Amino acid sequence: MELGKVLVACGWPYVNYVPHLGTLVQVLSADVVARYYRLKGEDVVMVSGSDEHGTPIEVEAVRLGISPKQLTDKNHAKVVELLKKWGFSFNNYTRTENPVHKEFVQNHLTKIYNNGYIFVQETEMPYCKKCGRFLPDRFVEGKCPYCSHEHARGDQCNACGRLLEPTFLIEPYCVICKSKPAIKRTKHWYFDLSKFSEKLRDYISSNKQLASNTRNFSLSFIKEGLKPRAVTRDVEWGIPAPFPEAENKTIYVWIEAVLGYVSATIEYFKNCGEPEKWKEYWFNKDAKTLFFIGKDNIPFHTIIFPALLLGSHESYSLPWNVSATEFLQFKGEAFSKSRRIGVFIDEALELFPADYWRYFLAATRPETKDTNFSWKLFIEKVNADLNDTLGNFIHRTLKFINSQFDSEVPEPSCLSEDDERVLKTLEERVETIANEIEDCRLQSAANDVISISRMGNQYLNEKEPWNVIKKDRDEAANTIYVAAQIVKTLALVSAPFIPFAAEELWRILNLPGNVHEQEWDEALKPLPPSHKIGEASPLFRKIEASSEKLVEKLEKVREKMSKVD
RNA sequence: AGCGGGGUGGGGUAGCCAGGAUUAACCCGCUGGGCUCAUAACCCAGAAAUCAGUAGUUCAAAUCUACUCCCCGCUACCA
């Protein structure tokens, strides 16, 4: 097979705080797919990074009395460390403050500007004389003109959900100093999305990979009519706008954040000493670019990002696939950073190993509808699937080889029809899992990994090698040879999902190298007879605590961590 | 308000886009049984849903159409 180029990315987590499990669904999805394609022998680049500009961070920094950069430096460093602990295999996890990104964004927007897609318009904005700044978005609050909610934000009212303009607010006040702002005229630069309606419609309707939810949503979005989108803001924290007479303006976060997919690729290859290689991913029609996001992010990836790429008049390929999930909810409501609702990725690892969470998130990935996180479900998945089915099958097989065959994979004499049938089914399952991952159906894929071990358990129960061995050692050898093969297959196909356990298993199997450096097809290559394996030891441990106990534990962890902070 | 998604055995999900292949699949739970190599794990059998409702299209509908009732999300800065 020809070596394909695959770029895998996930939405950039906003670093006003550490991400929660909902955000991680996207990161995990990207990681599973990236790891899979690497096993398939493709040239994979996996990128993402911290989205660190925007008013929520600036507001938070002003409140803490530090600079936005100080805040994001601290949070970014923490997130990078955590993502490593979760086993995510990024080639480049960068940030929007990195110089390559800033330069790329400015150059790219200049091209779009020169191509005539950006125009200037004057508007009115609240301006705080005391703070000496304009008050866009969340810098200003006031009474909602629709529902009279007292603390509506400049961009949207929390209570009735309506979108607002900062000037719509009744009795507005500056969120920093609480004083009443004046209204001042200001100029802003707008990206004229409507000029891309045709091309975007063609792109979306002809893209075969897009799931129907993503496609329908995007098409209806275009049908409603694309409006010009402001690309500048009157705030200091951000990338300076490169347009003539746009001093003191910065680029609107969403516009630049999506360009990060490109700049992160550029930065990666620059660091590798191959500064031109990024083009093989972005200017190559045969390259696959995959994006994993939450459903709220669809228009940015199927409309704004492609429009930005088209606007440069360069031969960028548009996203090959955008896989959007529904939401993971917590007790029926959305995870929330500000209200600390949910489980955050630092706390999660204090409670259980990364593989437990990774498996859980993949196996319950909200692919068709919102799903609810519950400790009960988490315990069920970990105990029943990972531990009892997968873990136990592996353990009973390896333990048997340890004790009955002196830790050597037995030599099969003549495989029976049953044995051949099991091996054939195994082959089919591996194929199925591959197809599912390629279709981004990770929930089924995770499930099918477990189902392989379920098949293994059934096979062992039917064959009863522990009885057979007393009369017919050859027959038992056949059975255990087949079971050992299943175990090896599991090590490989589970590797994208539970990389730590898979590597541990690879080590116990005493196979050369690292499981993550193998080829996917290695999954079905037989273990050589007489191959000596290591001492079996359980890969997972059952969660004995009740849901209530885990809620308590989480609270304790949260308390402890807030003190460290 | 508009747009999008969803309502499938006791719980959790898949199937729906491209209608039929078979008793509507899978996991948990439940009932009964088996096994004892294995982390009190494993395996088998069974009970249990006419797929929100109504009307239609069709030889055939969970799947397509229309309407109704619930739930949720989005509406351009929450994954």
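All chains are named by letter (A, B, ...) in the order of the sequence lines, taking the proteins before the strands, and each is independently numbered beginning at 1. Quantities reported herein were computed from a predicted structural model and do not represent experimental measurements.
Only at 4.0 angstrom or more do the heavy atoms of residues 470-484 of chain A sit from any atom of RNA chain B, so none qualifies.
For A:Phe400 and A:Pro299, each mapped to the nucleotide of RNA chain B holding its nearest heavy atom, the one lying further toward the 5' end belongs to A:Phe400. Residues A:Gln404 and A:Gly11 each lie close to RNA chain B; by heavy-atom proximity, the contact nearer the 5' end of the strand is made by A:Gln404.
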Watson-Crick and G-U pairing of RNA chain B, under 3.5 Å, as dot-bracket with | and [ ]: ((((((((.[[[[.)....(....]]]].(((((.......))))).....[[[[[..)....]]]]])))))))....
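Residue A:Phe335 is classed as a base contact, given a heavy-atom separation below 4.0 Å to a base. Backbone-only engagement by A:Phe300 is indicated by non-hydrogen atom pairs under 4.0 Å involving sugar-phosphate atoms exclusively. Here A:Gly22 lies in heavy-atom contact (under 4.0 Å) with a base. Note on A:Gln443: only backbone sugar-phosphate atoms sit closer than 4.0 angstrom, heavy atoms only; bases stay farther off.
A:Asn402 and A:Ser407 share a donor-acceptor pair across their side chains, judged by distance under 3.5 Å alone. Looking only at atom types and distance, the side chain of A:Thr364 has no donor-acceptor partner in the side chain of A:Gln443 under 3.5 Å away. For the residue pair A:Thr232/A:His188, the side-chain donor-acceptor check at 3.5 Å is satisfied.
B:G10 and B:A47: their P atoms are spaced 15 Å apart (whole Å). Comparing B:U68 with B:U13, their C1' atoms are spaced 27 Å from each other, to the whole Å. Taking atom C1' on both nucleotides, B:U58 is separated from B:C43 by 44 Å, rounded to a whole Å. B:A24 and B:A49 have their C1' atoms separated by 9 Å, with the value rounded to a whole Å.
For the pair A:Phe373 CZ and B:G12 P, the interatomic distance rounds to 16 Å; values are reported in whole Å. When rounded to the nearest whole Å, the span between CH2 of A:Trp466 and C1' of B:G34 equals 11 Å. The CG atom of A:Asp370 sits 15 Å away from the P atom of B:C71 (whole-angstrom rounding). Per the geometry, NZ belonging to A:Lys295 stands 11 Å off P belonging to B:U75, to the nearest Å. The interatomic distance linking A:Leu398 (CG) with B:C42 (P) rounds to 17 Å, in whole Å. A:Glu326 has its CD atom 17 Å from the P atom of B:G12, to the nearest Å. Atom pair A:Ile222:CD1 and B:U75:C1' shows a separation of 16 Å (rounding to whole Å applied). Here B:C74 presents its P atom at 17 Å from NE2 of A:His301, a figure rounded to the nearest Å.
Between A:Glu326 and the options A:Lys369, A:Arg365, A:Lys295, a salt bridge (Lys or Arg N to Asp or Glu O under 4.0 Å) holds for only A:Lys295.
Under the 30°/60° scheme for interplanar angles, the aromatic rings of A:His301 and A:Phe291 are found to be tilted. Between A:Phe344 and A:Tyr17, the two ring planes are perpendicular [angle over 60°; tilted spans 30° to 60°].
Judged by distance alone, with hydrogens and angles left aside, A:Asn387 brings a side-chain donor or acceptor within reach of the base of B:U39, the pair sitting under 3.5 Å.
Regarding contacts with the backbone of B:A14, a side-chain N or O of A:Thr368 is found under 4.0 angstrom from either OP1 or OP2. Within the structure, a side-chain polar atom (N or O) of A:Lys369 is placed less than 4.0 Å from OP1 or OP2 of B:A14. An OP1 or OP2 oxygen of B:C44 is reached within less than 4.0 angstrom by a side-chain nitrogen or oxygen of A:Gln458.
Distances from the side chain of A:His395 to the nucleotides B:U39, B:G73, B:C43 place B:U39 closest. For A:Asn457, the listed nucleotide lying nearest its side chain is B:C43; candidates were B:A14, B:G12, B:C43. Out of B:C42, B:C43, B:U13, the shortest distance to the side chain of A:Arg396 is found at B:C42.
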Per-nucleotide protein contact string for nucleotides 21-29 of chain B, where B marks a base within reach and S marks sugar-phosphate only (heavy atoms under 4.0 Å, - for neither): ------BS-
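Between A:Glu60 and A:Arg63 there is no salt bridge, since none of the side-chain N atoms of the basic residue sits less than 4.0 Å from a carboxylate O of the acidic one.
Heavy atoms from other residues, nucleotides or ligands lying under 6.0 Å from CD of A:Glu464 number more than 12. Counting non-hydrogen atoms of other residues, nucleotides and ligands closer than 6.0 Å to CZ of A:Arg215 gives a total above 12.
Not less than 6.0 angstrom separates the ring centroid of A:Phe378 from the ring centroid of A:Tyr359. Taking the six-membered ring where the residue is Trp, the centroids of A:Phe360 and A:Phe373 are separated by under 6.0 Å. Taking the six-membered ring for Trp, A:Phe327 and A:Phe335 have ring centres at least 6.0 Å apart.
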Test log, rule salt bridge (charged side-chain N to carboxylate O under 4.0 Å, His left out), inputs A:Asp192 and A:Arg229: CA-CA 7 Å; A:Asp192 197 356; A:Arg229 186 83 194 128; over 6 Å; no
